[in-house]
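Worksheet: one structure, shown below.
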Amino acid sequence: MALLMETRLLLRKVKDLRCLTQKRHRVKEKWAATRIKHPATGLALQNFDSTYSVQLGPLWPSVRAALLSERKYGALLNNYGHDDVQAELQAKGCKDFPSDIETEAQPCLEQEPAVAGEEESSHVSVNKSDLDAQQLPALQLSPNIKCLVFPRGDITRFKPARPDMFGCLGYYLMDAASVLPCLALNVQEGHNVLDLCAAPGGKTLALLQTKSIGFFGVNDTSVSRTTRLRKVLHSYVPKPLLSDEKLRITTFDGTKWGEIEKNTFDRVLVDVPCTTDRHSLMEDDNNIFSKNRTGERRRLPQLQLDLLLAGIEAACPGGEILYSTCTLSQIQNLSVVEQAIHTAREDHGIQLQVVDLRPLTHMFRKTFDFAPDLPLGEMVVPHLAANFGPIYMCKLRRLT
Amino acid sequence: MGTRFAASQVLRWTLRHATHSVFGPLQFGRCQLQPLCAGGRLLCSSTSQGTLQSPQHTHEPHHLSRQPVRELSLPSLVDMGFTDSQAEQIYDATSKLRGTSASKHALSTLTTMFVLGLNPSSVLKILEKCPELYTINELQLQQRIGNMRKLGLVEGSLQRVVSHFPQILTVPVKTVKHMVLFLREKCQFTSQQVTDILRDSPAVILEDNEQLEYKFQYVYYRMGVKQADMVKSRLFRYTLEEVRCRHCFLERRGLYQTPDKKGQTTIINSKLDSILKIDLDTFLTDVANGSAEEYEVFQRLMAREWQEEEQLQGSIEAGSDDEEEDEEDEEDDEETSGKSAYRKRRKR
């Protein structure tokens, strides 16, 4: 009986299956009584309207329309798969955006000497300058990450990935802009990498595609989300590569990482929990703007700050930390980074340098729309023709 | 070709009989008719037809001057005021109908058009737009025009409606009445507003009732626009997709809100006028502040969204239909005891 009830609840949850539930068991939505007066999505929209219209100014209406419309996906190519999915997708009109970069109007500068030694050919190392030949520092990207997207303005959808003969799925569908932080992290051969808030696993998977990580620490506070992450990894990466000495999946409180492993990792990805703007506008379920999660929402900036500080502490001197969110909110982006830099210097005696990501925005401006003139870090803003993001990212290098 | 044949027939016939009594009136009629043409075109057209007869009628001399003419010929058309080329066009169009029962209505149609006060060139345009008019019988045509007058389309408006949308004359009076009733009762337009709707967007007559009601309700409830504004902005000229797409574009950009119960919004909505009545470029620059690229992609996204919504709706409705049938079956079981025993057994 209980089982029956459960399936019924489940069926009710899934919209597309509503036709399968019998009419007498179906909850008829009544506007007057059942409908919540202020749904969480509505509250989110109100909140965004008041904050972002000030923050983004004339850009906001366009971003708003994009956020409320269907998002675009990118297909993160699984390098461990056996089928030639890339050719198949390219035949449909997709392009691998990390390799589809703007080459005109960017005279190649001298290579960065530091990392020029090994595997030069496989690296997507592009040195760039601004349009007005203003010299920008060279920027290196993580190698081997391939993400296919349909060109600007094309709204075709991807089909769900199919497993090959070994049960490996060909590609992982995710927001293509989420690949950018992984590219910007610049993982090199033999690096120890930490992903502090890994679930549901898109970015983790993207980092694994580089095939150059020495040791990969993967963590997420939530058990259920870690389980999901594990499932994702198992359906994309062959078992031998997920062995304990190469990969460690943990469920600790990320904010305590400074106490667990100090000065250990070469690269740290801190993809913090945030107000997930797009999700908050679309789904009433589990929405952070619902009334009973107000406290949690208020504590977000502090949590984000703690996580970033933990990430900074976990990185070794000279190591790089990438902070990313999927919100447009200034309080959760710029302010957190500013505060973290300040606190790290004052309380922990750690000097940090902000790495300029402008070359990255220049490289990928064909695929993504970036927010103009951000004082700190870079942000992908959604646009109807390129409906990716929002993704904010800021890269820090630990000096001491 | 046909006219030449007719003319030669007339000539042959007059020569054969050589009776002045017949030829006289014929001549007389022609002479008399020339001045009349300028005054009343109706009179001119029908009688001049009488003089230039088609072959079968010319054989019966006594019918010649009295019997109304059934078939059109080129000179008669010219007499009606058409230029040579116009006459040829009409002649060509009617020649396809020649011999069928519909052919006899062509003349009455032309007459009716002239009675309405339309000039030859606009009559030609109307008939080019809607050739079916040739085949409608006179009585029906008169009734339909009369009905439109009754609906408040005064002289001037009536002519405009007919010349812009001649198809309106192909619609039975009953359908028009139904549509008017629908607009007044379901959509609560006043009769003056209905008249305005018919004048500004006569094509509404041919639309599907359900579609129309949906469009009305969308604008009334979702956009919070009252009837008077709908009439003013000529809502019914635009398709539901156009209206919905422009509205949703504004709504998602945060520039339009559905008013609450008291009709209040936190922002000032643009008038329906300024959303619909302007071309796309002006709409994008002045009202929506968006780029053409965005709107183009948005249209495609919307089309897909709605298509999927409809599919979902369809599948749910299909599911519920099955259910209702089942329920009915069960009710039957309880009511009719005789059958129910059998059914229950079968169920087990």
Side-chain angles (χ1 to χ4, degrees), chain A residues 11-12 14-29 31-32 37-38 41-42 44-54 56-72 150-157 281-282 369 381-387, chain B residues 221-222 245-258 260-261 265-267 270 284-331:
Chain A
L11 280 177
R12 201 175 294 158
V14 186
K15 251 190 192 166
D16 297 336
L17 289 176
R18 252 172 62 194
C19 52
L20 296 178
T21 9
Q22 291 183 313
K23 195 183 183 186
R24 55 179 173 272
H25 302 313
R26 213 180 283 155
V27 175
K28 191 178 168 194
E29 208 172 83
W31 275 74
K37 223 174 187 178
H38 301 291
T41 44
L45 191 59
Q46 251 174 33
N47 186 302
F48 295 160
D49 264 337
S50 56
T51 49
Y52 297 157
S53 58
V54 179
L56 295 171
L59 204 61
W60 171 235
S62 146
V63 174
R64 189 184 194 267
L67 277 175
L68 290 169
S69 303
E70 190 185 312
R71 72 190 304 177
K72 242 176 123 167
F150 282 101
R152 199 182 164 86
D154 193 331
I155 58 164
T156 322
R157 288 171 181 156
L281 283 177
M282 287 307 181
D369 272 35
V381 290
H383 183 274
L384 274 167
N387 210 346
Chain B
Y221 292 109
R222 268 305 296 284
C245 211
R246 285 196 180 189
H247 166 243
C248 282
F249 192 61
L250 286 179
E251 194 181 39
R252 294 205 181 168
R253 294 180 77 87
L255 302 172
Y256 202 101
Q257 275 179 4
T258 306
D260 62 6
K261 271 184 202 157
T265 51
T266 51
I267 53 166
S270 325
L284 287 176
T285 50
D286 293 0
V287 185
N289 281 325
S291 68
E293 184 198 24
E294 280 177 291
Y295 190 72
E296 193 267 328
V297 176
F298 186 75
Q299 268 179 316
R300 279 186 283 142
L301 279 172
M302 284 285 105
R304 194 164 71 183
E305 248 176 61
W306 289 321
Q307 199 186 345
E308 277 164 11
E309 212 169 86
E310 268 164 33
Q311 273 169 6
L312 187 70
Q313 210 75 24
S315 67
I316 288 172
E317 267 163 24
S320 64
D321 282 352
D322 293 348
E323 269 308 294
E324 271 160 17
E325 276 168 24
D326 281 357
E327 278 165 16
E328 276 167 22
D329 279 358
E330 280 162 26
E331 278 163 26

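Every chain is numbered from 1, with letters handed out A, B, ... down the list of sequences. Values in this document were obtained by computation on a predicted structure and should not be read as measured data.
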Residue by residue, which of residues 290-299 of chain B have a heavy atom closer than 4.5 Å to a heavy atom belonging to chain A? B:Glu293, B:Glu294, B:Val297, B:Phe298
Mark yes or no for whether A:Arg152, through its side chain, and A:Ala386, through its backbone, hold a donor-acceptor pair below 3.5 Å. no
Go through the structure and list residues passing side-chain hydrogen bond (donor to acceptor under 3.5 Å, both in side chains) with A:Ser50, not counting sequence neighbours. none
Set of residues satisfying side-chain hydrogen bond (donor to acceptor under 3.5 Å, both in side chains) with respect to A:Asp154, sequence neighbours excluded: A:Thr156
Go through the structure and list residues passing side-chain hydrogen bond (donor to acceptor under 3.5 Å, both in side chains) with A:His383, not counting sequence neighbours. none
Answer yes or no: is there a side-chain heavy-atom contact under 4.5 Å between A:Asp369 and A:Val381? yes
State, without any angle test, whether B:Arg253 and A:Ser62 hold a side-chain donor-acceptor pair at a distance under 3.5 Å. no
